[in-house]
Every structure is written in C-alpha cells, then in structure tokens.
Amino acid sequence: MSRYNFKQTEAKWQAIWEDRGCFKAADAGVRPKYYVLEMFPYPSGRLHVGHVRNYAIGDVMARFKRAQGYNVLHPMGWDAFGLPAENAAIANKVHPAEWTRENIRIMGEQLRLVGMSYDWDREFATCSPDYYRHEQKMFLDFYEAGLAYRKEAWVNWDPVENTVLANEQVIDGRGWRSGAPVEKRKLSQWFLRITEYADDLLAAIEALNRWPDRVRLMQEKWIGRSVGAHMQFDLSGRDDRLEVFSTRPDTIFGATFCAISPDHPLTEALSADDSALADFVAECRRLGTSEEAIETAEKQGHDTGLRARHPFLADVELPVYVANFVLMEYGTGAIFGCPGHDQRDLDFVRKYGLPVIPVLWPPTARVLSDSEFAALPASDRARVDQSPHCTLDGLGEVFHITNTAYTNTTLPAYRYRLGALVDGQPLAVSDAKHRVIAALEDRGNGAAAVRYRLRDWGVSRQRYWGCPIPMIHCAACGVVPVPASDLPVELPMDVGFDKPGNPLAHHPTWKHVACPRCGGAAERETDTFDTFVESSWYFARFCSPTADKAFDRKAVDYWMPVDQYIGGIEHAVLHLLYSRFFTRALKKCGYLTVEEPFAGLMTQGMVVHETYSDPSGDWVYPEDVAMRDGVPVHAADAAPLTVGRLEKMSKSKKNAVGLENVVEEYGADTARLLLLSDSPPDRDLEWSDSGVEGAWRYLNRLWRLATEPKARLAGRDASMPNGLDQATGYAPAVSVWRLLHKTIAGVTEDLDRFHYNRAVARIREFTNALEGLDGDDDQAAWVRRAGLEAVTRLIGPIMPHLAEELWQRLGHDQPIAETAWPVADPALVVDETVTVAVQVNGKLRATIELPRDADKAAAEQAALEQDGVLRALDGKPVRKVIVVPNRVVNVVA
RNA sequence: GCGGUCGUGGCGGAAUUGGUAGACGCGCAGCGUUGAGGUCGCUGUCCUGGAAACAGGGUGGAAGUUCGAGUCUUCUCGACCGCACCA
C-alpha cells in the first residue's frame with residue numbers, strides 16, 4: 001500500500017505552474033474577465049493556518065473560474081505601512097523597512113508553499129515610493145477638488161509618547177504601550193470629506209446585492225442618516241440664537257428645557273465668567289466618553305441661567321443647561337429636551353425637578369379623556385415611540401392635551417397651545433413633523449435638516465512608517481501643496497527611534513524646504529497618512545501595477561470592479577467604507593469610471609483553536625498540555641490547567657498553528673482541504689488534530705483509488721461501451737455513472753455559491769461510490785476511468801497538487817490548471833425513477849419507486865396499495881390524497 | 001437600550017428552499033489485517049422498546065398556519081455579533 005508523497009509532488013507542480021505561467025492574467029481578450037481578490041495582508045511575520053483560510057477561499061474561486069473559461073485576475077500584494085514595523089524598530093533596533101522587507105519575503109514564500117494561484121508579476125508593497133507617489137498625487141487632486149482639508153480636531157494624545165493614538169490604541173483610557181492616561185487635545189489634522197458622499201454611500205448599499213446583509217446593515221448604521229429639523233431658540237439677554245437639531249420636531253410642544261454640550265462654543269463663552277460652570281465642564285471632560293463611563297455616569301447638568309424662547313410660544317421660556325450627555329460631535333451640540341417621550345430627557349428632569357409634558361400616545365391616535373389620562377401609570381418610563389429616524393415617517397400620533405391634572409407644570413400655557421398646530425385633533429406623527437417644519441420655515445426660525453453620524457475621515461498620523469502627506473507649511477503663504485512635479489515626497493531612511501514622538505519631526509534636514517510659492521523658508525508636513533489610505537485603492541492598482549500613472553485607464557476599465565472580494569468581517573465598516581468613498585473620489589478626479597469597487601463580497605469566519613491557561617492566567621501552548629487522569633496538566637511541572645474556550649488563532653493566546661508545521665507534516669493540500677471542508681466559509685472553523693488527520697486520510701484514499709485501482713481501468717482512448725450512453729437499467733456501473741453527473745452539477749453549483757463544505761461532501765460521496773464499484777466488465781472499467789478523471793478535475797481548485805499529479809498519472813499532458821471544468825449531462829442528472837415518500841396524515845408510512853414524472857393517478861394508486869399505508873389507515877375512509885410529483889404522496893384519512 | 005444573526009446526534013455540519021430530518025466527515029464501538037501500536041479494510045452508530053419486522057418519540061421551549069413545518073407567523077428562553085447618552 002502506497003502513500004501519497006506530498007513533498008515531492010507539491011514542489012514539482014508549483015515549479016511547473018510557475019514555468020508555464022499558468023496564472024498570468026491578460027489585460028484583454030475574448031474570454032469574460034473575473035477579478036478575485038483577497039484582502040491583502042499586513043506583513044507582520046509568519047503565517048499561521050488561520051491566515052491561510054482567507055487565501056484558500058479565494059484560490060478555490062480563482063482556479064474554479066479559470067477552469068470555467070474566465071480570464072481571471074488573482075493578484076497578491078502587501079499592506080506594508082503600519083505601526084508594528086515601528087514597534088519592532090524600537091524593540092529590536094531594526095529599521096522598519098528592513099523588518100517589513102524580511103516579512104514580505106517570508107510570507108511570500110509561505111503563500112507559494114501552499115500553492116496559491118497568484119499572478120505574482122503584479123505583486124507590490126505599499127511602502128514603495130512607486131506606489132505611494134500616486135497616493136500623494138491623489139491627495140493633491142482631492143485637495144484641489146475640495147475633498148481634502150485641514151481643521152482643528154479633538155484627538156487622543158499620549159503625553160508620554162508625544163503622539164496621537166487611534167481609538168483602537170486607547171485601552172481603558174490609557175495608552176496601550178505607555179500606560180499613561182490619554183488626554184484629549186485639539187490638533188490641526190488633515191481630513192478627507194467622506195461626509196460629502198454620505199447620502200450616495202448610503203443609497204448605493206441597496207444595489208450591493210452580492211454583499212452580506214450583515215455588512216450592508218453595519219454600513220447603514222455607521223453612516224447613520226437622521227432626518228429632522230433645525231430650529232433656533234432666541235436667548236434672553238443675548239444676541240445669539242441657540243440652534244438645535246431634532247428628529248422629532250413634532251415633540252416641540254413637549255419641550256421643557258434646552259441643553260448644550262460641555263464642548264459647545266456657548267459653554268466656552270459662558271464659563272469665562274462662571275467658575276462653577278468651568279468646574280462642571282472640567283469634570284465632564286475628566287469622565288470622558290468611553291463606553292464604560294457612559295454606562296455608569298449619571299445625567300448631570302448645570303443651569304446656565306440663560307432662558308431660551310420657545311419657537312412657537314412667545315411667552316414660554318425654557319431653562320438652558322449644560323448637560324454631560326449632549327455630544328458636540330452630533331447634530332449641533334444642542335438639544336431641546338422632551339422628557340415625556342425621551343427616556344434620557346426624563347431621567348434628567350427627574351433629577352432637576354423640571355416638568356413633564358406628554359404630547360403623543362403611541363401607537364393609537366387619540367385624544368385622551370380625563371379619566372383615561374388619570375389612569376396612565378405614573379411610571380418613570382418615557383413613552384417613546386419607535387418611529388424611524390432616517391425618514392420623516394412616524395408610527396404614533398400626537399394628541400391634544402385636555403387634562404389639567406397631568407399638566408402640573410410651571411409652564412401652564414402649554415395646555416392650550418398645542419391646538420394651534422394640531423387643530424385640537426390627533427395627528428399622525430409624520431404629519432405633525434411636516435407641519436411643525438413648515439411652521440418653522442414660515443417663521444424663519446428653523447428648517448428641515450438631515451444629519452449623519454458619519455464623520456469626516458481624519459487621516460493624519462504622527463508616525464514615521466507611513467506615506468508622507470505632500471504638504472508644506474509656509475509662514476508667509478500658509479499651507480502650500482507640494483508641486484506634482486516634486487513627487488514623490490520620499491520617506492527618509494536615516495531616522496532614529498531613540499526619542500519619543502515622530503522621527504520625521506526630529507530629522508535634522510528632511511522637513512526644511514523652500515516654499516514652492518514664495519521661495520522662503522518653510523517646513524514639510526511631518527504627519528503621515530493613516531494606513532487605511534493605502535488599502536483604499538490598491539485593488540485598482542493591481543490592474544496595472546507598473547504603470548507610470550496610478551492607473552492605466554484601459555486596464556482599470558477592463559478589470560474593475562472586483563468581481564469577488566474576500567476578507568474578514570472586522571473591516572465591515574472601516575476598510576470597506578473607506579474604499580467605497582475613495583473610489584468615488586477617484587472617479588470625481590477623473591482616475592477611473594467605476595463607483596463601487598467590490599461587486600461581490602464574502603466575509604469568512606475565523607479559524608479557532610483550543611486554548612489552555614495555567615493557574616496564574618498565562619496562556620499555555622497546546623503541545624505543552626498533558627492529560628493526567630482525564631485532567632489537563634502542564635507537561636513540564638504537572639500544574640493543573642484550565643481549558644479555555646475556542647479562540648481565534650493568535651500568537652498571544654498561544655493557540656496558533658504554524659503553517660509550515662502543517663505543510664511539513666501533512667502537505668499543503670491537506671491543510672487546504674481541512675480549511676475548506678470542515679465548516680461553511682462564512683462560519684468559524686475549528687482547527688483540530690483529528691481534523692487534519694481525517695483530511696490526510698482522504699488524500700491517501702484518493703491516491704490509492706487512482707494509482708492502485710481495485711479492478712480494471714479502461715484505457716484513455718476506449719470508447720463508451722454499449723448501453724452506457726442510454727444509461728438505462730440498474731447495473732452498478734450505470735448508477736455510478738449517473739451519480740457522477742449529479743456530482744459534477746452539484747459541485748459546480750456549490751462552488752459558485754461558496755458552499756465549499758457541501759462540494760467536498762459531494763465529492764467524498766462520489767468517491768465512496770467509485771470505491772464500491774468492483775465489476776470488471778467494460779462498463780465498470782469505463783465508468784471507473786471517467787469517474788477518476790472527473791473527481792480529479794473537481795478537486796482541482798481545492799487540492800491542486802494532488803489533482804495535477806493524479807491527472808498526469810491518468811495520462812494527461814496538459815496540467816489541470818489549463819484544463820476546462822467538467823460539464824454535467826443534464827439528461828443524466830435526473831433519474832429515470834424516483835423514490836416517493838408516502839405519508840398517512842403527514843407521517844411517513846412507506847416509500848415507492850415510480851417512473852420519473854408519473855401521473856398523479858398512478859402515484860395515488862401505488863401509494864394506496866402499500867402495506868404500511870393500509871396498516872396505518874386501519875380501514876378508515878380516505879378523505880383526500882395530495883400528490884406532489886416526484887416527491888410525496890400524502891393520504892389524509 | 002436599539003438593531004441583527006443563529007439554536008438540528010457526543011462534535012463539525014447536510015436537508016433540492018414548505019415535501020422521506022441527520023448527507024458527508026470527526027469521534028466512538030465491534031470485527032478483520034498486524035508480532036504489537038499505528039496505518040488500512042469491513043460493520044454499526046438520533047433516542048426508547050424489540051432478536052427482528054416494526055412501533056413510538058425527535059430539529060432550544062410554547063402556541064399557530066398547513067394535507068404536510070428544521071424551514072413560515074407570534075410569543076418565549078439561550079448564544080453570538082454590531083451600534084449605543086445619536087437628540
């Protein structure tokens with residue numbers, strides 16, 4: 001009994017593919033194009049099997065589509081700028097460029113080792129000036145087009161490292177490395193105007209029907225469109241007016257106070273003369289806005305003493321508070337509070353003794369009678385209706401308050417004023433919204449307005465290992481763009497990491513330049529771009545990776561958009577939203593013609609693995625775990641261990657399985673098979689030793705089936721034996737022959753829909769049938785060969801090395817990588833006879849074999865003759881018989 | 001709090017989209033091969049009763065629609081994910 005020698009075979013075929021250029025994409029041609037792309041990796045070190053799943057999923061699609069006759073583009077590159085390289089530089093005294101280059105080398109080798117069918121001619125790294133010079137040009141064009149601008153913004157500032165931190169790098173309010181409490185600082189930063197496209201990005205989600213609903217929903221929520229109104233309140237004793245935003249203008253008659261953010265300009269102005277207010281504001285800032293702080297923090301306010309005049313009721317004045325729950329980042333940083341219909345506002349007024357005035361009663365439309373009103377529970381819950389905020393639609397209705405007892409208020413005027421707008425009749429919330437907005441517009445103190453949660457994208461980073469922002473600061477001329485002819489602005493290589501902060505700012509000469517406008521002394525911008533900028537256009541660069549311009553128009557028009565994009569769900573908003581925006585911005589600046597970069601998206605699940613931890617809570621490698629009396633202990637010191645849950649593979653949890661270990665021991669195809677077959681691609685997959693062995697076992701079964709057939713194999717040129725073309729009768733060879741065609745049809749469909757696990761199950765099922773076919777006649781010999789050849793082609797995308805080797809041994813000269821996908825004969829996919837279930841009152845009582853598409857009467861008659869049916873009927877009269885052709889007969893008694 | 005996804009054997013998961021629940025694999029058990037272990041081969045494996053034929057039960061729970069529900073509807077319990085003082 002022989003074993004499959006994966007080592008020799010895998011190296012052999014990788015060399016052949018390379019020599020023959022099997023995976024080179026042509027930038028034109030008669031075949032339809034298909035662009036498959038996996039989210040390109042950050043070169044962080046070595047790959048573990050968890051990383052490979054993403055690439056394996058894409059590789060199956062690429063090989064499958066190639067076999068189906070598409071002109072496939074399947075490239076790979078490196079998202080090479082980023083913080084880890086700088087950290088490595090500080091920790092190991094190695095230059096970020098050097099560290100990155102070495103990781104790219106290692107990871108590139110590893111990807112070749114698992115047989116990914118990339119067009120390596122298109123490889124690039126984003127840290128190369130040949131790449132980022134185009135990015136700098138794009139930024140200049142965006143600046144010109146008003147899509148890039150500079151403004152002061154609040155940022156997370158690490159006072160020890162002297163740098164801005166991204167939100168993700170702030171853990172429990174402290175810098176992730178320094179451990180120092182992070183401060184809020186106002187800094188001048190560069191922004192990209194993504195909000196310009198908020199509406200378009202939102203509306204176009206609708207058409208992304210090959211994206212997961214989950215991702216589409218997340219983007220919708222992230223953009224967060226709210227429709228409502230702006231309204232202005234006159235302030236007593238001041239010239240200013242206070243502008244607020246509300247999605248519920250219909251509740252304006254329930255307003256009992258106004259509140260502004262601690263960061264509101266008015267707050268700032270007032271605290272100059274009010275030290276108590278200044279203290280309150282400082283207290284709010286100290287608490288911060290972390291999730292934890294928000295959950296525990298009480299609603300707090302400080303009465304400014306100002307009074308705001310109600311926009312409709314001239315004699316009603318509302319107290320103006322500075323309140324800790326009002327965010328400057330949303331709306332106008334000021335609100336009116338309607339405690340009757342907003343839980344948060346209610347909490348607030350309970351604390352400060354302000355009145356509650358209900359104005360609507362969802363979901364029924366009505367004017368409440370006095371007795372009904374009195375019966376309302378005096379609860380602490382606001383009656384909030386669930387009207388959507390993204391439109392002016394509403395669910396509930398506004399009512400006219402007639403009850404006097406409930407309006408025990410310092411603002412008695414309300415009781416009768418509501419009628420001015422609603423005519424004393426109940427009014428649908430949506431009508432009330434429109435009516436209030438119309439009235440505001442009439443009076444000139446408000447208007448309809450749309451607001452978004454989405455903020456402009458801050459792209460400045462005080463970091464070295466990134467793309468320099470091509471701008472110059474001149475004392476005389478202000479901000480001056482670097483002339484396009486001076487691009488690229490290259491990162492200097494001679495930098496030191498001994499001082500805290502940005503090495504670019506410390507560099508002795510780099511930042512000093514002559515102003516391009518006036519020629520005077522000026523300084524370069526020392527911030528670099530957020531690395532999400534590089535990943536926002538790399539997919540288009542793959543179309544013409546060596547072009548002088550960012551894109552060769554013909555190539556990018558031919559290939560874009562990406563037909564199938566594959567990556568992790570963690571980029572549902574970040575990278576995927578930035579790229580959608582960037583593509584639109586590039587279109588506006590004339591770079592390309594598409595708007596949506598990714599026509600199809602697949603988000604794959606994580607690869608998880610068991611975890612163990614010791615008594616001190618430290619993680620332990622699975623290979624250091626020994627079982628003693630069924631209890632896991634540390635192999636070295638027998639310390640008892642805790643079995644953790646399945647966690648995403650990572651170095652830090654010590655549960656990552658190195659790719660090379662698996663490839664060394666079992667080969668690339670075994671790893672690929674397990675990664676592709678054990679779970680559906682969009683779900684998590686557990687990597688286990690028994691899973692690896694199971695996959696390895698199947699590879700060997702296939703190997704033996706093809707190289708040591710149990711019985712005679714027909715020659716390559718043998719003609720189809722008589723009778724098989726009709727595929728009639730019940731000979732074992734015939735049923736295997738039919739199953740073969742069903743398998744081809746099923747696998748083709750499964751691969752198209754990413755049902756890889758089912759495709760593998762089908763192939764295994766057919767393998768079982770083929771193994772069981774032991775006749776030595778012409779038909780069996782012929783089916784055996786046809787079956788082997790088909791299986792070999794079907795596993796081609798999944799286990800490409802084994803497939804190639806078997807294909808060659810079956811006598812083929814041309815590699816599978818250049819061989820067309822098998823096609824099922826539709827006549828053989830459907831059986832001549834079908835097994836029909838026979839139920840009595842919905843319970844299965846028998847099955848009958850019937851000719852395909854037998855008429856209903858025949859099916860009914862056959863069903864009623866079954867023993868099981870007669871037994872179940874037990875002489876009861878048949879009331880009705882339902883016949884579903886080729887499926888089921890249900891006898892109702 | 002709001003929004004979403006999902007609950008099927010010991011485990012990963014199938015189920016032609018309303019029509020024979022548990023394909024395929026892992027694991028487990030028995031037998032064979034082997035000097036032994038592993039490999040490999042065969043057989044069995046949802047639960048209960050039964051030697052078997054067969055009967056009854058069964059897709060987190062409760063109800064409903066239907067000739068028929070894992071699939072649709074409502075409620076409920078649980079797990080996971082996203083957003084969150086968003087006006």
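Per chain, numbering begins at 1; letters A, B, ... match sequence-line order.
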Heavy atoms under 4.0 Å, any strand shown: does [X] hit a base, just sugar-phosphate, or nothing?
{"X": "A:Q839", "value": "base"}
{"X": "A:V884", "value": "base"}
{"X": "A:N768", "value": "sugar-phosphate"}
{"X": "A:T332", "value": "nothing"}
{"X": "A:R455", "value": "nothing"}

Rounded interatomic separation in angstrom, taking [atom1] from [X] and [atom2] from [N]:
{"X": "A:N324", "N": "B:A84", "atom1": "CG", "atom2": "P", "value": "18 Å"}
{"X": "A:F245", "N": "B:C86", "atom1": "CZ", "atom2": "P", "value": "13 Å"}
{"X": "A:I335", "N": "B:C85", "atom1": "CD1", "atom2": "C1'", "value": "9 Å"}
{"X": "A:R216", "N": "B:G82", "atom1": "CZ", "atom2": "P", "value": "20 Å"}
{"X": "A:R887", "N": "B:C67", "atom1": "CZ", "atom2": "C1'", "value": "17 Å"}
{"X": "A:Y698", "N": "B:C40", "atom1": "OH", "atom2": "P", "value": "14 Å"}
{"X": "A:I882", "N": "B:C67", "atom1": "CD1", "atom2": "P", "value": "7 Å"}
{"X": "A:K299", "N": "B:C85", "atom1": "NZ", "atom2": "C1'", "value": "5 Å"}

[N] versus [M] - spacing of their [atom1] atoms, nearest Å:
{"N": "B:A79", "M": "B:G61", "atom1": "C1'", "answer": "15 Å"}
{"N": "B:C28", "M": "B:U76", "atom1": "P", "answer": "43 Å"}
{"N": "B:G22", "M": "B:U59", "atom1": "C1'", "answer": "9 Å"}
{"N": "B:A84", "M": "B:G13", "atom1": "C1'", "answer": "35 Å"}
{"N": "B:U34", "M": "B:U71", "atom1": "C1'", "answer": "50 Å"}
{"N": "B:U73", "M": "B:A69", "atom1": "C1'", "answer": "11 Å"}
{"N": "B:C46", "M": "B:A14", "atom1": "C1'", "answer": "15 Å"}
{"N": "B:G57", "M": "B:U5", "atom1": "P", "answer": "33 Å"}

Nucleotide nearest [X] (side chain, heavy atoms from C-beta), chosen from [options]:
{"X": "A:S690", "options": "B:C24, B:A14, B:C26", "value": "B:C26"}
{"X": "A:K221", "options": "B:C85, B:G3, B:C86", "value": "B:G3"}
{"X": "A:R871", "options": "B:C24, B:A55, B:C67", "value": "B:A55"}
{"X": "A:M218", "options": "B:C24, B:G82, B:C85", "value": "B:G82"}

If only side-chain N and O atoms of [X] are considered, is one of them under 4.0 Å from the OP1 or OP2 phosphate oxygen of [N]?
{"X": "A:R697", "N": "B:G27", "value": "yes"}
{"X": "A:N757", "N": "B:A14", "value": "yes"}
{"X": "A:R453", "N": "B:C85", "value": "no"}
{"X": "A:R683", "N": "B:A14", "value": "yes"}
{"X": "A:N886", "N": "B:G19", "value": "no"}
{"X": "A:R344", "N": "B:G1", "value": "no"}
{"X": "A:K843", "N": "B:G57", "value": "yes"}

Considering Watson-Crick and G-U wobble pairs with both distances under 3.5 Å, what does [N] pair with?
{"N": "B:G32", "answer": "B:C40"}
{"N": "B:A23", "answer": "none"}
{"N": "B:G78", "answer": "B:C6"}
{"N": "B:U73", "answer": "B:A63"}
{"N": "B:G56", "answer": "B:C47"}
{"N": "B:U16", "answer": "none"}

(request) Determine if the base of B:U17 is syn or anti; take syn to mean the glycosidic torsion is within 90° of 0. (result)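 Syn.
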
(request) Classify the glycosidic conformation of B:G25 as syn or anti, calling it syn when the angle lies within 90° of 0. (result) anti

(request) Would you name the heavy atoms of A:L870 and A:L864 that are closest together and state the gap between them? (result) CD2-O, 3.5 Å

(request) Is it possible for you to check whether A:R764 lies under 6.0 Å from the centre of the six-membered ring of A:Y698, through NZ or CZ, and within 45° of that ring's axis? (result)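 That pair qualifies as a cation-pi contact.
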
(message) Judged by each residue's nearest nucleotide on RNA chain B, which is more toward the 5′ side, A:V326 or A:K880?
(response)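 The answer here is A:K880.
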
(request) Tell me whether the centres of the aromatic rings in A:F257 and A:Y352 are closer together than 6.0 Å. (result) no

(request) Might you confirm whether atom CZ of A:R214 has over 12 heavy atoms from other residues, nucleotides or ligands at distances under 6.0 Å? (result)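 At most 12 heavy atoms, drawn from other residues, nucleotides or ligands, come within 6.0 Å of this atom.
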
(message) Check this for me: A:K742, atom NZ, are more than 12 non-hydrogen atoms of other residues, nucleotides or ligands nearer than 6.0 Å?
(response) yes

(request) Give, for atom CH2 of A:W687 and atom OG of A:S679, the distance between the pair rounded to the nearest 0.5 Å. (result)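 With rounding to 0.5 Å, CH2 (A:W687) is 12.0 Å from OG (A:S679).
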
(request) Drop me the distance from A:R672's CZ to A:Y756's OH, to the nearest 0.5 angstrom. (result)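 So the gap between those two atoms works out to 10.0 Å.
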
(message) Under the side-chain contact (heavy atoms from CB on, under 4.5 Å) test against A:L675, which residue among A:V60, A:T670, A:V607 passes?
(response)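 Output: one option passes, namely A:V607.
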
